[in-house]
Amino acid sequence: MTVKDEKRWEDDISSLLGRNNEAELLYNNVPLSVIPGKPVKDPFFQESPKPTFSEAMASCPKEDIPNFKELLQEENFYLTTEEGGQGLLPVLVLSMKESEKKRRPTIVFLHSTNKCKEWLRPLLEGYASRGYIAVAIDSRYHGERATSITTYRDSLVSSWKNGDTMPFIFDTVWDLIKLADYLTEREDVDPSKIGITGESLGGMHAWFAAFVDTRYSVVVPIIGVQGFGWAIEHDKWQARVNSIKAVFEEARADLDKSAIDKEVVQKVWDRIASGLASQFDAPYTVPTIAPRPLLILNGGDDPRCPLGGLEIPESRTLRACKKTKCPQNFKLIAQPGIGHQMTPLMVKEASDWFDRFLKV
């Protein structure tokens, strides 16, 4: 990268400062309130057959506590994040009962497409057993925020048609900003030690939440970080598009195209997540997380998150960490031979990363 290119990049990043204030203008900002809830007896998945087991999550390190179930405490509630039905954020919190009240490190976990917060319970229990407060939410149009098996798909199509919502990434990121407001006020949460992680769609949510909100101090996106613009430029967009194909097919028809092509892909991203393939793409947003500890976990052969799209974000993030004399705060692991899949190795690497930076 030339000095001129570097200066242009720094100017672009400077123009993005104050983005939380911009978000306040986009959403109907309502007072944050907590509404009691109940455990979800029949978690809702937007896929058939319903998933029943994850080897990766089951491998999460867990303390051997004889009376674990008796000591584990569960909270279910809703946060109001904006007006309207989707402005009610379902939250699940697991932690261990403590005789001595103290502030503890906290981690927010985010599910993948078509799943829900209850799917993450093996991770929540594993981290709770090790002294963390473990938090999960239902992202927009998922879990308790869904009414049918096509709710999320329909929301994406509606976003393309009407342009009045951003269900793919940005609306859930707003929820995560409001969640941080809540967590930093809890007496049992150490506000300086809030981590965030997620799988696939949840990895994207973790990435962008950390970009806009520095209260997320340790960040581990799993199979989520990718270069949207790079994929379009290098004709590597197909796998990502196929994961939410309905909205792209709708756009193809509206644009009178015989097949989905680069133009369709660009127009959909511009419409449902403005800036995703340009100023908010990985080369610009990932480096701004530095010097906060950031671990990116991807599959070496993941077609949805091709490694070629991470070369510039990786180099810029390393440069930002070295500039602040903390190169140890960034790492990218691409597990060889793995596609779009969270693995036990990734779960272990994420666990070690959080222990390293939050348990100090």
Side-chain angles (χ1 to χ4, degrees), residues 53-64 94 105-112 115 119-136 193-211 216-227 282 286-287 289-311 313-315 317-318 320-322 326-360:
F53 177 76
S54 165
E55 178 187 4
M57 289 195 293
S59 72
C60 182
K62 186 176 181 179
E63 287 293 325
D64 185 13
L94 296 186
T106 300
I107 300 176
V108 175
F109 298 84
L110 302 159
H111 61 77
S112 56
K115 293 186 172 64
W119 175 247
L120 300 168
R121 193 174 185 98
L123 294 177
L124 303 183
E125 290 188 357
Y127 278 82
S129 75
R130 289 159 36 215
Y132 290 94
I133 295 175
V135 182
K193 294 182 178 181
I194 300 177
I196 191 167
T197 185
E199 174 191 4
S200 192
L201 177 64
M204 291 183 244
H205 290 152
W207 153 24
F208 278 94
F211 160 55
Y216 291 110
S217 59
V218 181
V219 188
V220 185
I222 302 174
I223 59 172
V225 179
Q226 62 213 265
V286 171
I289 297 173
R292 286 170 288 158
L294 169 63
L295 171 64
I296 296 175
L297 294 164
N298 278 22
D301 297 329
D302 187 347
R304 297 188 194 179
C305 305
L307 292 181
L310 297 186
E311 290 178 1
E314 180 182 20
S315 64
T317 305
L318 280 172
C321 284
K322 289 177 180 178
C326 53
Q328 72 281 1
N329 283 15
F330 175 66
K331 191 174 185 181
L332 188 155
I333 298 176
Q335 188 174 349
I338 298 297
H340 194 71
Q341 173 190 358
M342 183 171 72
T343 66
L345 174 65
M346 295 177 189
V347 170
K348 180 63 165 59
E349 291 286 354
S351 176
D352 290 347
W353 191 263
F354 282 125
D355 284 352
R356 176 181 174 186
F357 290 102
L358 291 179
K359 285 195 166 183
V360 291

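No experiment lies behind these values; they were computed from the predicted model shown.
When all heavy atoms are compared, the tightest approach of Pro221 to Leu294 is CD-CD1, 3.7 Å. The minimum heavy-atom distance linking Lys322 with Pro327 is given by the pair CG-CB, 4.0 Å. Nearest heavy atom pair, residue Ala134 against residue Ala128, reads CB-N, 4.5 Å.
With a 4.5 Å cut-off on side-chain heavy atoms, Gln341 and Gln335 do not count as touching. A 4.5 Å side-chain heavy-atom check between Arg130 and Pro105 finds every atom pair outside the cut-off. Between Leu332 and Asn298, the closest side-chain pair of non-hydrogen atoms is not below 4.5 Å.
A distance-only check finds no donor-acceptor pair linking the side chain of Glu349 to the backbone of Val347 [under 3.5 Å]. Side-chain N or O atoms of Tyr132 include none that pairs as donor or acceptor with a backbone N or O of Gly126 at under 3.5 Å. For Arg292 (side chain) and Val219 (main-chain N/O), no donor-acceptor pair under 3.5 Å exists by modelled atom type. Formation of a donor-acceptor pair under 3.5 Å by the Ser217 side chain with backbone atoms of Ile194 is found in this model.
Taking CE of Met346 as the reference point, atom CD of Glu199 lies at 9.0 Å (rounded to 0.5 Å). Taken to the nearest 0.5 Å, the CD1 atom of Ile223 stands 7.0 Å off from the CE atom of Met342. Once rounded to the nearest 0.5 Å, the distance linking CG of Leu110 with OG1 of Thr197 reads 7.5 Å.
Scanning for ring pair (Phe, Tyr, Trp, His ring centres under 6.0 Å) contacts around Phe330 gives an empty result, with sequence neighbours left out. Residues forming a side-chain hydrogen bond (donor to acceptor under 3.5 Å, both in side chains) with Asn329 (at least two apart in sequence, or on another chain): none.
For Tyr127 and Phe109, the ring centers are positioned less than 6.0 Å apart. Taking the six-membered ring for Trp, Trp353 and Phe357 have ring centres closer than 6.0 Å.
More than 12 heavy atoms of other residues, nucleotides or ligands lie within 6.0 Å of NZ in Lys62, so this atom counts as buried by the packing criterion.
With salt bridges taken as basic N to acidic carboxylate O contacts below 4.0 Å, none links Asp352 and Arg356.
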